[in-house]
Amino acid sequence: ILCLDYASIEESKIVPSPDTIIFNSCIYEEIYKNKYPNLNTISGLDYQNISLRKKINITKTNNKILVIFSAESSEINFMLSLLNSISSNKHFLFRMHPLNFFDIEKYYFGNNFELVNNLTLEESLSKASKVLSNYSSVALLSSLRGFFVGLVYNKKRLLMNPFDNSGLTN
């Protein structure tokens with residue numbers, strides 16, 4: 001996206017342009033559609049199906065927290081450093097991003113977890129009482145289903161919060 005806004009005319013002629021840009025925010029998608037009418041865009045989150053507001057049965061009495069990892073290594077490291085620094089009587093359900101599977105036992109030092117990569121998002125959520133995530137559309141989907149979502153992020157990074165302009169409070 002930055003190449004569309006910040007490249008000089010000469011640079012824009014030689015820099016490859018994306019065929020399609022995927023947006024996690026309908027507001028940003030609309031801004032870029034208005035600015036670049038020939039730009040092909042797709043919503044990362046299916047905003048047409050906001051009927052996902054159906055709340056699943058949340059078992060608030062259990063102690064399980066679904067931890068949703070990002071695909072980005074620096075965000076994974078940040079999340080794991082936080083989880084390793086706290087002493088917790090909570091039980092974590094770790095769900096990795098499909099683009100970045102890793103050996104959790106090399107990086108998380110507790111034994112209070114289980115991997116739920118083999119479960120669907122719905123199945124993973126049905127086992128948890130809360131969700132901990134980096135900024136992602138999955139965090140937004142979890143909130144739409146009625147979960148409290150704790151957002152973990154590094155303040156030094158520029159992020160586009162999926163909750164911005166969504167009308168959801170978390």
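We're numbering straight along the sequence, starting at 1.
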Indicate whether any N or O donor in one side chain lies under 3.5 Å from an N or O acceptor in the other, for Asn40 and Tyr36.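 Per modelled atom types, Asn40 and Tyr36 side chains form no pair under 3.5 Å.
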
Would you say the side chains of Glu72 and Ser70 form a donor-acceptor pair under 3.5 Å?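 Ser70 and Glu72 do not have a side-chain donor-acceptor pair below 3.5 Å.
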
Apply side chain to side chain contact (heavy atoms under 4.5 Å, CB included) to residues His91 and Ile65 and explain how you reach the verdict. CA-CA 6 Å; His91 185 81; Ile65 299 172; over 6 Å; no

Could you tell me whether the side chain of Arg95 and the main chain of Leu119 form a donor-acceptor pair under 3.5 Å?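 Checking the backbone N and O of Leu119 against the side chain of Arg95, a donor-acceptor pair under 3.5 Å is found.
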
Does any N or O in the side chain of Asn134 come within less than 3.5 Å of the main-chain N or O of Val152, such that one atom is a donor and the other an acceptor?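 Side chain of Asn134 to backbone of Val152: a pair is present.
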
Once you round to the nearest 0.5 Å, how far does [atom1] of [X] lie from [atom2] of [Y]?
| X | Y | atom1 | atom2 | answer |
| --- | --- | --- | --- | --- |
| Asn112 | Asn89 | CG | CG | 9.0 Å |
| Lys90 | Leu132 | NZ | CG | 12.0 Å |
| Leu93 | Ser126 | CG | OG | 9.5 Å |
| Glu122 | Lys127 | CD | NZ | 14.5 Å |
| Ile76 | His97 | CD1 | NE2 | 9.0 Å |

What is the minimum heavy-atom distance between [X] and [Y], and which atoms define it?
| X | Y | answer |
| --- | --- | --- |
| Phe109 | Asn84 | N-OD1, 2.9 Å |
| Ser129 | Asn63 | OG-C, 4.3 Å |
| Ala139 | Leu151 | CB-CD2, 4.0 Å |

So do [Y] and [X] actually touch side chain to side chain, heavy atoms under 4.5 Å?
| X | Y | result |
| --- | --- | --- |
| Leu83 | Phe92 | yes |
| Val116 | Leu66 | yes |
| Lys130 | Lys64 | no |
| Met79 | Val67 | yes |
| Ile68 | Met96 | no |

Could you tabulate the donor-acceptor pairs under 3.5 Å formed by side-chain atoms of residues 99-107, not counting sequence neighbours?
from: Asn100; atom 1: ND2; to: Ala71; atom 2: O; distance (Å): 2.9
from: Asp103; atom 1: OD1; to: Glu105; atom 2: N; distance (Å): 3.3

Worked check of side chain to side chain contact (heavy atoms under 4.5 Å, CB included) between Val131 and Leu125: CA-CA 8 Å; Val131 174; Leu125 287 169; 3.6 Å; yes

